[in-house]
Q: 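Quick one: the structure is below, and I'll ask about it shortly.
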Amino acid sequence: MKRDYRLLKISVHLGAAALILWMITHYWPAVERFAALIVSAAAPLIAGCVIAYAVNILMTFYEKRLPRRIGKWRLEKGLRAVSLLLAVCSLMVIVALLLTIVIPELIEGVRLLAREAPPALERLIAWIVEKTTVDGESILPEGVTTWLGALSLDSDGLLQWALSQIDRIVPAVVNVVSSVFSVVVSVLLSAMFALYLLCGKEKLASQINTLMNVYLKPRRAAAIRHVLKTLNECFRSYIVGQCLEALILGALCTLGMLVFRFPYAVMVGTLVGFTALIPIAGAYIGAFVGAFMIFTVDPLKALLFLVYIVVLQQIEGNLIYPRVVGTSLGLPGIWVLAAVMIGGHVDGVVGMLLGVPLCAALYRLLREDVARRRTLAAKPEDGEPEQRAAS
C-alpha cells in the first residue's frame with residue numbers, strides 16, 4: 001500500500017510538471033511578457049540586492065578589523081553602524097575618484113580618438129592607394145578603390161548631418177532627460193533597500209533558514225545552503241580579485257609609461273585599468289586603444305608600448321596577482337575563456353563579468369560531487385573486511 005502511494009505521488013508530480021511545461025511552451029509570449037513585467041517592477045529591488053552585496057564586502061572587511069572595545073567602552077552594538085558608514089564612505093570616495101580622475105581621462109581619450117582618427121584614417125588610405133598603384137593605375141578591384149575613396153570621417157559633414165536632424169534630436173534629448181530622472185529615482189530607492197538589507201541581514205538570513213527548515217527536508221536544505229555558500233565565495237573572490245588586479249595593472253601601466261616617456265601615460269593607464277575589469281581580453285582591449293592613441297604621435301612608441309603591455313600582463317598575471325589576491329577561483333584557463341565567450345554572447349559585458357564566477361561555482365560543486373562519489377565507490381561493501389580477515 002505504501003509503495004502504491006509513493007508511485008501515485010511520483011505520477012502526480014510528473015503530471016503536474018508536464019502540464020506546467022506544456023502551458024509555458026504553449027503560452028510562451030504571454031509568459032515572456034509577464035516575466036519581463038515582473039523583472040521590470042522588481043528592478044530597483046534587484047539593484048538594491050546587488051548594491052548591498054557589494055557594500056557588504058567592504059562592511060565585513062571593516063567589521064573584522066575594527067576593535068571590539070576601546071578602553072572601558074565596548075563597541076559591539078555600534079560596530080555594525082560604524083562599519084556600514086565606513087563602507088559607504090569608501091564607496092563614495094571610489095565613485096568620486098572615478099568621476100574626477102577616471103571618467104575625465106576616458107572622455108579625453110574619446111575626444112582624442114575623434115580628433116585624431118579622421119587624419120590617421122586618411123593617411124592610411126593614402127598609403128594603401130600609393131602602395132597599390134603601379135604605373136598610374138591601381139591594382140585593387142574597382143569596388144575596393146571606390147570604397148576607400150568614400151571611406152572618410154569628415155567632422156564638418158557630421159556637423160551638417162547633426163543640424164539637419166535637429167527635429168529628431170530634440171525629442172530624443174527630452175526622452176534622455178526623463179530617463180535619467182527615472183534612473184536617479186530608481187537608484188535612490190535601490191540604495192534605501194540596500195541599507196535595510198545590510199542593517200538586518202542576520203535577521204533576514206535567520207528567516208530564510210527557518211523557511212528552509214520548515215518546508216524542505218534537512219538534507220535538501222543543507223545542499224541549498226552549500227550551493228549558496230559556494231556561490232558567495234566565488235563571487236566575493238572574483239569581485240575582490242578583479243578590482244585589485246585592475247587597480248594594480250592600471251597603476252603599473254601608468255608608472256611604466258611615465259618611466260619610458262610614452263605619451264598619454266595617465267590617460268592610457270586609466271583606460272587599461274578600467275578595461276581590465278573584463279576578464280582575459282579587457283586589458284588587451286584597453287592596450288590596443290592606447291596603442292592607437294600613441295600611434296598618432298609616434299608609431300615606434302606605439303609598437304614598444306604593445307610589447308611593454310604584453311610583458312606587464314604576464315608579470316602581473318603570474319607573479320603579482322596570486323600573491324596579492326591569494327588563491328584564485330580554481331577554474332582552469334580553458335573554462336574561464338569558455339565562460340567569457342558564452343557570457344559575452346548571452347549578455348555582453350555583463351555576461352562576461354557574471355559568467356566567470358558562475359562557471360567557477362559550478363566547477364567547484366561538480367568537483368566536490370565527483371570526489372564524494374569516488375570516495376563512496378572506494379569504500380568496501382558491508383562484510384568485506386570480515387571476509388578478508390576470515391580468509
Q: For residues 186-196, tabulate all N or O donor-acceptor pairs below 3.5 Å that involve a side-chain atom, not counting sequence neighbours.
A:
from	atom 1	to	atom 2	distance (Å)
S186	OG	S182	O	3.0
S190	OG	P44	O	2.9
S190	OG	S186	O	2.8

Q: Keeping N232 on the side-chain end and L228 on the backbone end, is there a donor-acceptor pair under 3.5 Å?
A: no

Q: Between the main-chain N or O of L21 and the side-chain N or O of T25, is there a donor-acceptor pair closer than 3.5 Å?
A: yes

Q: Is there a side-chain contact between L306 and V310 (heavy atoms, below 4.5 Å)?
A: no

Q: Same hydrophobic cluster for I248 and M257, using side-chain heavy-atom links shorter than 4.5 Å among ILVMFWY?
A: yes

Q: Is any side-chain heavy atom of L304 closer than 4.5 Å to one of F262?
A: yes

Q: Would you say K203 and Q207 make side-chain contact, with heavy atoms under 4.5 Å?
A: yes

Q: Hydrophobic cluster mates of V214, side-chain heavy atoms under 4.5 angstrom, ILVMFWY only, any path?
A: L211, Y215

Q: For G269 and C253, work out which heavy atoms get closest and say how close.
A: CA-SG, 4.0 Å

Q: Going by salt bridge (Lys or Arg N to Asp or Glu O under 4.0 Å), name the residues that satisfy it together with R374, two or more places apart in sequence or in a different chain.
A: none

Q: Given side chains that start at C-beta, do those of N56 and R236 come closer than 4.5 Å, heavy atoms only?
A: yes

Q: To the nearest 0.5 Å, how far apart are CG in L91 and CG in L58?
A: 5.0 Å

Q: Compare every heavy atom of V272 with every heavy atom of A287, then report the nearest pair and how far apart it is.
A: N-CG2, 4.0 Å

Q: Return yes if some donor-acceptor pair links the side-chain N/O of E368 with the main-chain N/O of Y363 below 3.5 Å, else return no.
A: no

Q: What are the two closest non-hydrogen atoms of T254 and V266, and how far apart are they?
A: CG2-CA, 4.0 Å

Q: Does any N or O in the side chain of D369 come within less than 3.5 Å of the main-chain N or O of L365, such that one atom is a donor and the other an acceptor?
A: no

Q: Looking only at atom types and distance, does a side-chain atom of R65 sit under 3.5 Å from a main-chain N or O of F61, one as donor and one as acceptor?
A: yes

Q: Just wondering, do I51 and L197 contact through their side chains at under 4.5 Å, heavy atoms?
A: no

Q: Please report the closest heavy-atom contact between C234 and A360, naming both atoms and the distance.
A: SG-C, 3.9 Å

Q: Once you round to the nearest 0.5 Å, how far does SG of C89 lie from CG of L85?
A: 4.5 Å

Q: Can you name the closest pair of heavy atoms from M212 and A221 and give their distance?
A: CE-O, 3.5 Å

Q: Between T60 and E63, is there a side-chain heavy-atom distance shorter than 4.5 Å?
A: yes

Q: Contact between I309 and F288 at the side-chain level, heavy atoms closer than 4.5 Å - yes or no?
A: no

Q: Got a sec: does the CZ of R220 have more than 12 other heavy atoms crowding it under 6.0 Å?
A: no

Q: Locate the shortest heavy-atom distance separating G355 from A339; write the atom from each residue and the value.
A: O-CB, 3.6 Å

Q: Using a 4.5 Å cut-off on heavy atoms from C-beta on, say whether the side chain of M59 contacts that of K201.
A: yes

Q: Inspect the surroundings of CZ in R372 and state if more than 12 heavy atoms from other residues, nucleotides or ligands are less than 6.0 Å away.
A: yes

